[in-house]
Amino acid sequence: MAFGKKESYGKGRAAARKRRHARLRKHVSGTSERPRLSVTRSTRHVFVQVIDDTVGKTLVSASTMEADLRTFEGDKTGKARKVGELVAQRAKDAGIDSVVFDRGGNAYHGRVQAIAEGAREGGLAL
């Protein structure tokens with residue numbers, strides 16, 4: 001028998017993603033020196049946060065819902081790359097050079113991969 005709280009996630013795609021994210025979060029944690037770059041993906045938008053898990057505080061964030069990215073012409077993957085570059089720029093301004101990448105239980109492919117590549121192009125070390 002396992003110790004601690006046992007969560008029942010159910011069966012579907014969303015439940016499988018939650019299970020993968022829970023497994024991932026056992027090993028990925030952000031510190032003040034190297035915070036966590038967390039990616040949340042919906043069908044239309046992506047949301048990225050740089051989080052210091054020691055104090056539970058969001059340091060920097062960016063998403064496709066911001067006004068300048070809503071007017072950006074291109075597909076969802078192109079917008080995701082722009083979000084990665086934007087969050088990297090904001091992190092650099094906040095004095096953050098290196099982050100731990102948290103893909104949020106999503107596959108490292110498509111928009112999630114584009115965010116990581118955009119952040120690397122912006123100068124963040126993942």
Side-chain angles (χ1 to χ4, degrees):
M1 177 167 224
F3 296 99
K5 184 180 176 191
K6 174 76 174 155
E7 286 192 44
S8 175
Y9 290 106
K11 292 183 176 180
R13 284 176 67 140
R17 190 198 64 77
K18 278 187 170 182
R19 281 194 303 272
R20 286 191 302 269
H21 194 206
R23 270 198 315 264
L24 180 83
R25 288 287 289 123
K26 289 179 191 175
H27 303 285
V28 174
S29 180
T31 63
S32 56
E33 297 85 30
R34 194 161 181 213
R36 175 169 58 102
L37 182 86
S38 176
V39 175
T40 306
R41 188 188 67 149
S42 73
T43 53
R44 267 183 89 175
H45 298 286
V46 290
F47 309 91
V48 181
Q49 293 178 312
V50 177
I51 304 168
D52 180 2
D53 288 316
T54 56
V55 292
K57 187 174 180 184
T58 299
L59 307 172
V60 176
S61 67
S63 78
T64 53
M65 293 188 68
E66 295 177 13
D68 54 341
L69 287 172
R70 278 187 175 266
T71 60
F72 177 75
E73 291 296 323
D75 59 347
K76 292 188 282 188
T77 307
K79 285 185 179 183
R81 183 179 294 271
K82 280 288 189 193
V83 168
E85 292 170 4
L86 182 62
V87 78
Q89 180 61 42
R90 290 179 181 173
K92 286 287 195 182
D93 293 342
I96 300 165
D97 296 325
S98 172
V99 294
V100 180
F101 191 69
D102 175 9
R103 58 188 171 84
N106 299 303
Y108 186 80
H109 181 76
R111 288 186 281 161
V112 176
Q113 183 178 359
I115 289 170
E117 290 170 355
R120 282 190 193 103
E121 287 173 8
L124 274 182
L126 300 182

From [atom1] ([X]) to [atom2] ([Y]), nearest 0.5 Å:
{"X": "Leu126", "Y": "Arg120", "atom1": "CG", "atom2": "CZ", "value": "4.5 Å"}
{"X": "Arg34", "Y": "Ile96", "atom1": "CZ", "atom2": "CD1", "value": "12.5 Å"}
{"X": "Lys76", "Y": "Arg41", "atom1": "NZ", "atom2": "CZ", "value": "8.5 Å"}

- Message: Would a single hydrophobic cluster contain both Val48 and Leu69, if residues Ile, Leu, Val, Met, Phe, Trp and Tyr are joined by side-chain heavy-atom contacts under 4.5 Å?
- Response: yes
What I'd like to find out is whether the side chain of [X] reaches to under 4.5 Å of the side chain of [Y], using heavy atoms alone.
{"X": "Leu59", "Y": "Ile51", "result": "no"}
{"X": "Val39", "Y": "Asp102", "result": "no"}
{"X": "Val60", "Y": "Val87", "result": "yes"}

- Message: If you apply the rule side chain to side chain contact (heavy atoms under 4.5 Å, CB included), what do you find for Val50 with Thr58, and how did you get there?
- Response: CA-CA 6 Å; Val50 177; Thr58 299; over 6 Å; no
- Asp75 (side chain) donor-acceptor with Gly78 (main chain) under 3.5 angstrom: yes
- Task: Please confirm whether the backbone N or O of Val46 pairs with a side-chain atom of Lys79, one donor and one acceptor, at under 3.5 Å?
- Result: no
- Would you please say whether a donor-acceptor pair under 3.5 Å links the side chains of Glu117 and Gln113? yes
- Message: Pairing donors with acceptors under 3.5 angstrom, does anything connect the side chains of Thr77 and Arg111?
- Response: no
Considering non-hydrogen atoms only, spot the tightest contact between [X] and [Y] and give its length.
{"X": "Ala80", "Y": "Ala114", "result": "CB-CB, 4.1 Å"}
{"X": "Ser61", "Y": "Gln49", "result": "CB-CG, 4.1 Å"}
{"X": "Phe72", "Y": "Lys82", "result": "CE1-CE, 3.5 Å"}
{"X": "Arg103", "Y": "Val112", "result": "CB-CG1, 3.9 Å"}
{"X": "Ser32", "Y": "Thr54", "result": "N-OG1, 4.3 Å"}
{"X": "Ala91", "Y": "Leu124", "result": "CB-CD2, 4.0 Å"}

- Query: Would one find more than 12 heavy atoms of other residues, nucleotides or ligands at under 6.0 Å from atom NZ of Lys92?
  - Reply: yes
- With ILVMFWY side chains joined below 4.5 Å, transitively, what does Met65's cluster contain besides itself? Phe47
- Worked check of side chain to side chain contact (heavy atoms under 4.5 Å, CB included) between Arg81 and Ile115: CA-CA 5 Å; Arg81 183 179 294 271; Ile115 289 170; over 6 Å; no
- Residue pairs passing the salt bridge (charged side-chain N to carboxylate O under 4.0 Å, His left out) test where at least one lies in residues 58-74, sequence neighbours excluded: Glu66-Arg90
